[in-house]
Engineer: 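One structure is given below, represented as C-alpha cells, and several questions about it will come after.
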Protein chains: 2
Amino acid sequence: MAIEFRPSQALKLFHDLAFALVRDGETDLSARQLAVLLTIYLEAPPHTVRGLAAKLGVTKPVITRALDTMGRLGLLSRRRDDSDRRNVVVQRTVKGALYVERLGDMIVEKANGLPS
Amino acid sequence: MAIEFRPSQALKLFHDLAFALVRDGETDLSARQLAVLLTIYLEAPPHTVRGLAAKLGVTKPVITRALDTMGRLGLLSRRRDDSDRRNVVVQRTVKGALYVERLGDMIVEKANGLPS
DNA sequence: GGAATTCGTTTCGGAGGCGTATTGTTTCCC
DNA sequence: GGGAAACAATACGCCTCCGAAACGAATTCC
C-alpha cells in the first residue's frame with residue numbers, strides 16, 4: 001500500500017492528465033489503444049493478438065487495428081512466431097519505450113503538483 | 001506535495017485504469033470527452049462552449065459534439081444563459097456526478113492495490 | 001493424408017469523430 | 001436603428017473505428 005490519496009485528488013490527477021494529453025495533441029490514442037500499449041510494455045512477454053483480445057475482453061480485429069495504428073506510429077512492431085507460424089508476437093520498440101517512459105514521468109509530475 | 005510515487009507505479013496505475021475503463025465497456029469516452037467532463041465537474045462554473053474550447057485548445061465544434069454525446073448519455077445538460085442568450089451554460093447532472101464520483105473511487109482503489 | 005481447428009487478417013456496412021466553413025441568433029457599439 | 005462582432009450550432013467531405021462475418025494460412029488430430 002504505497003499510494004494513498006483521496007478521490008478528489010485522484011480526479012484532479014486524472015483531469016490534469018487527460019488535459020495534458022489533449023493539449024499536447026500528437027497522442028490521440030483511445031483508451032483501448034492505451035490499454036494495449038501499456039499491457040505490452042508493463043506485462044511480461046510474449047504478447048499475441050489472441051491473448052491481448054482475451055485479456056481486454058475485446059474482439060481480435062480490435063487488437064489488429066490497434067496494432068496497425070500504433071505500429072504505424074512506431075510504438076511497437078509485429079513478428080511472426082517461428083515456433084508456431086500462426087501466431088504473431090508483438091514486440092516493443094525504442095520509440096514506444098520512450099513514449100511510455102515519458103507518459104510515466106508526466107503522471108508523476110502531475111501528481112507532485114497536487115494539493116494536499 | 002501530498003502524492004509522490006515512482007514512474008513505474010504511475011504507469012501501473014494508469015494501465016490498470018485504462019484496463020478497467022475498457023473492460024467495463026459502457027464508457028467509451030475519448031480523452032477529449034473525459035477532459036471536458038472532468039473540467040466541468042472539477043472546475044468552478046459557469047462553463048461555456050467557448051471557454052471550454054479555449055481551455056482545451058480545441059475548436060468549438062469539438063466541444064459541441066462532446067456535449068452532444070455526453071448529453072445523450074445523461075452525463076451533463078445544456079441551458080441557454082438568460083443574461084446573455086448567445087451563451088450556453090453547461091450544467092452538471094446527478095448521473096454525471098455519480099459517474100465522476102465512481103471514477104474517482106476507482107482510481108483510489110487501483111492506487112491502493114499498487115505495490116510499494 | 002485429409003478434415004477439423006486455431007490464428008491473425010480482411011471485408012462489409014454503419015456509426016461517429018475530425019477541421020473548415022457557414023448559418024442563425026443575440027448583443028454590442030456608434 | 002443598423003452594421004459589426006460574438007456565440008453556438010450545423011453542413012460538408014474525409015477519415016478512423018466498430019462488430020460480425022468471411023478468409024487464407026498454419027497446425028493438430030485421427
Side-chain angles (χ1 to χ4, degrees), chain A residues 18-19 21-40 45-92, chain B residues 18-19 21-40 45-92:
Chain A
F19 200 85
L21 288 176
V22 170
R23 287 218 65 126
D24 283 10
E26 315 212 14
T27 52
D28 52 349
L29 296 181
S30 68
R32 287 181 167 187
Q33 292 169 333
L34 274 172
V36 170
L37 187 70
L38 290 173
T39 298
I40 291 166
H47 298 289
T48 65
V49 172
R50 168 121 188 118
L52 290 168
K55 190 168 294 185
L56 273 80
V58 298
T59 60
K60 288 188 293 181
V62 167
I63 304 297
T64 294
R65 283 187 288 254
L67 297 182
D68 285 345
T69 301
M70 293 189 289
R72 217 176 298 133
L73 295 173
L75 299 179
L76 50 83
S77 69
R78 278 184 275 203
R79 203 197 58 201
R80 280 233 104 88
D81 182 355
D82 284 331
S83 67
D84 184 342
R85 300 187 51 74
R86 289 174 303 181
N87 287 334
V88 161
V89 183
V90 183
Q91 294 187 297
R92 301 170 186 172
Chain B
F19 200 85
L21 287 177
V22 170
R23 286 220 63 127
D24 284 9
E26 315 210 15
T27 52
D28 52 346
L29 298 181
S30 69
R32 285 181 168 188
Q33 291 169 335
L34 274 173
V36 171
L37 186 70
L38 290 173
T39 298
I40 291 166
H47 298 289
T48 64
V49 173
R50 168 116 187 124
L52 290 168
K55 192 169 291 185
L56 273 80
V58 298
T59 61
K60 286 189 290 181
V62 167
I63 303 298
T64 294
R65 280 187 292 256
L67 297 183
D68 285 345
T69 300
M70 294 189 290
R72 218 177 297 132
L73 295 173
L75 299 178
L76 50 82
S77 69
R78 278 183 274 202
R79 204 197 57 201
R80 282 234 101 91
D81 182 354
D82 285 329
S83 67
D84 184 343
R85 300 187 52 75
R86 289 173 304 182
N87 286 333
V88 161
V89 183
V90 183
Q91 293 187 299
R92 301 170 186 173

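So you know, we letter chains A, B, ... as the sequences are listed, proteins then strands, and number each from 1. Just so it is clear, the model here is predicted, and its values are computed rather than measured.
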Engineer: Any N or O donor-acceptor pair linking the side chain of B:Arg65 to the base of C:dG19 at under 3.5 Å?
Structural biologist: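 A donor-acceptor contact between them is present.
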Engineer: Does a distance-only test, which skips hydrogens and angles, find a donor-acceptor pair under 3.5 Å between the side chain of A:Arg78 and the base of C:dG8?
Structural biologist: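 Answer no: no donor N or O sits under 3.5 Å from an acceptor.
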Engineer: Looking only at the side chain of B:Val62 (C-beta and beyond, no hydrogens), which of the listed nucleotides D:dA8, D:dT28, C:dC18 gets closest?
Structural biologist: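 Nearest to the side chain of B:Val62 among the choices is C:dC18.
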Engineer: Can you tell if the side chain of A:Leu29 reaches within under 4.5 Å of the side chain of A:Leu73, non-hydrogen atoms only?
Structural biologist: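 A:Leu29 reaches A:Leu73 side chain to side chain.
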Engineer: Using whole Å, report how far CZ of B:Arg79 lies from P of D:dC7.
Structural biologist: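 In whole Å, D:dC7 P lies 18 Å from B:Arg79 CZ.
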Engineer: Find the distance B:His47:NE2 to D:dC7:C1' and express it as a whole number of Å.
Structural biologist: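 After rounding, the reported distance stands at 18 Å.
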Engineer: Just wondering, are more than 12 heavy atoms of other shown residues or ligands nearer than 6.0 Å to CZ in A:Arg92?
Structural biologist: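 Yes, because the 6.0 Å sphere around CZ of A:Arg92 holds more than 12 heavy atoms from other groups.
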Engineer: Check every strand shown and say whether A:Ser30 touches a base, only sugar-phosphate, or nothing at a heavy-atom separation below 4.0 Å.
Structural biologist: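 No contact.
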Engineer: Would you say A:Arg50 reaches C:dC7's phosphate, i.e. side-chain N/O to OP1/OP2 under 4.0 Å?
Structural biologist: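 So the side-chain polar atoms of A:Arg50 do come within 4.0 Å of the phosphate oxygens OP1 or OP2 of C:dC7, strictly under.
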Engineer: Within a strict 4.5 Å, meaning less than it, do heavy atoms of the A:Val89 and A:Arg78 side chains meet?
Structural biologist: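 A:Val89 vs A:Arg78: side chains apart.
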Engineer: Could you tell me how far apart B:Arg85 (CZ) and D:dA6 (C1') are, to the nearest whole angstrom?
Structural biologist: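 After rounding, the reported distance stands at 16 Å.
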Engineer: Whole Å only: how far is the CG atom of B:Asp81 from the C1' atom of D:dA6?
Structural biologist: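 Going from CG in B:Asp81 over to C1' in D:dA6 covers 13 Å.
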Engineer: Under a 4.5 Å cut-off applied to non-hydrogen side-chain atoms, are B:Leu75 and B:Val36 in contact?
Structural biologist: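 B:Leu75 vs B:Val36: side chains apart.
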Engineer: Taking 4.0 Å as the cut-off, does a side-chain nitrogen or oxygen of A:Thr64 come that near to OP1 or OP2 on C:dG8?
Structural biologist: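 So the side-chain polar atoms of A:Thr64 never come under 4.0 Å of the phosphate oxygens OP1 or OP2 of C:dG8.
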Engineer: Would you kindly compare A:Thr59 and B:Asn87 by the position of their nearest DNA chain D nucleotide and give the one closer to the 5′ end?
Structural biologist: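 The answer here is B:Asn87.
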Engineer: Find the distance A:Lys60:NZ to D:dA21:P and express it as a whole number of Å.
Structural biologist: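 Taking NZ of A:Lys60 and P of D:dA21, I get 14 Å after rounding.
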Engineer: Atom CG of B:Leu67 to atom C1' of C:dG17: distance rounded to whole Å?
Structural biologist: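 Atom-to-atom, B:Leu67 to C:dG17, this comes out as 14 Å.
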Engineer: Using whole Å, what does the distance between atom P of nucleotide C:dC7 and atom CZ of A:Arg80 come to?
Structural biologist: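 Rounded to the whole Å, the gap is 12 Å.
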Engineer: Is the shortest side-chain heavy-atom distance between A:Leu67 and A:Thr64 below 4.5 Å?
Structural biologist: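 SC-SC contact between A:Leu67 and A:Thr64 ruled out.
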Engineer: Identify, between B:Ile63 and A:Gln33, the residue whose nearest nucleotide on DNA chain D lies closer to the 5' end.
Structural biologist: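 Its nucleotide being nearer the 5' end, the pick is B:Ile63.
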Engineer: Between C1' on D:dT16 and CG on A:Leu73, what's the gap in Å once rounded to a whole number?
Structural biologist: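 Value for this atom pair: 13 Å.
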Engineer: Any side-chain N or O of A:Thr69 under 4.0 Å from OP1/OP2 of D:dC17?
Structural biologist: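 Answer is yes, contact under 4.0 Å.
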Engineer: How do A:Asp68 and B:Pro61 order along DNA chain C: which one's closest nucleotide is nearer the 5' end?
Structural biologist: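 Its nucleotide being nearer the 5' end, the pick is A:Asp68.
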Engineer: So what does A:Asp84 touch, heavy atoms closer than 4.0 Å: a base, only the sugar-phosphate, or nothing?
Structural biologist: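 Counting heavy atoms under 4.0 Å across all strands, the contact made by A:Asp84 is with sugar-phosphate only.
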Engineer: With a 4.0 Å cutoff (strictly under), does any side-chain N or O of B:Arg32 reach OP1 or OP2 of C:dG19?
Structural biologist: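 Yes, because at least one side-chain N or O of B:Arg32 sits under 4.0 Å from OP1 or OP2 of C:dG19.
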Engineer: Under 4.0 Å between a side-chain N or O of B:Thr48 and OP1 or OP2 of D:dC7?
Structural biologist: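 No, B:Thr48 has no side-chain N/O under 4.0 Å of OP1/OP2 on D:dC7.
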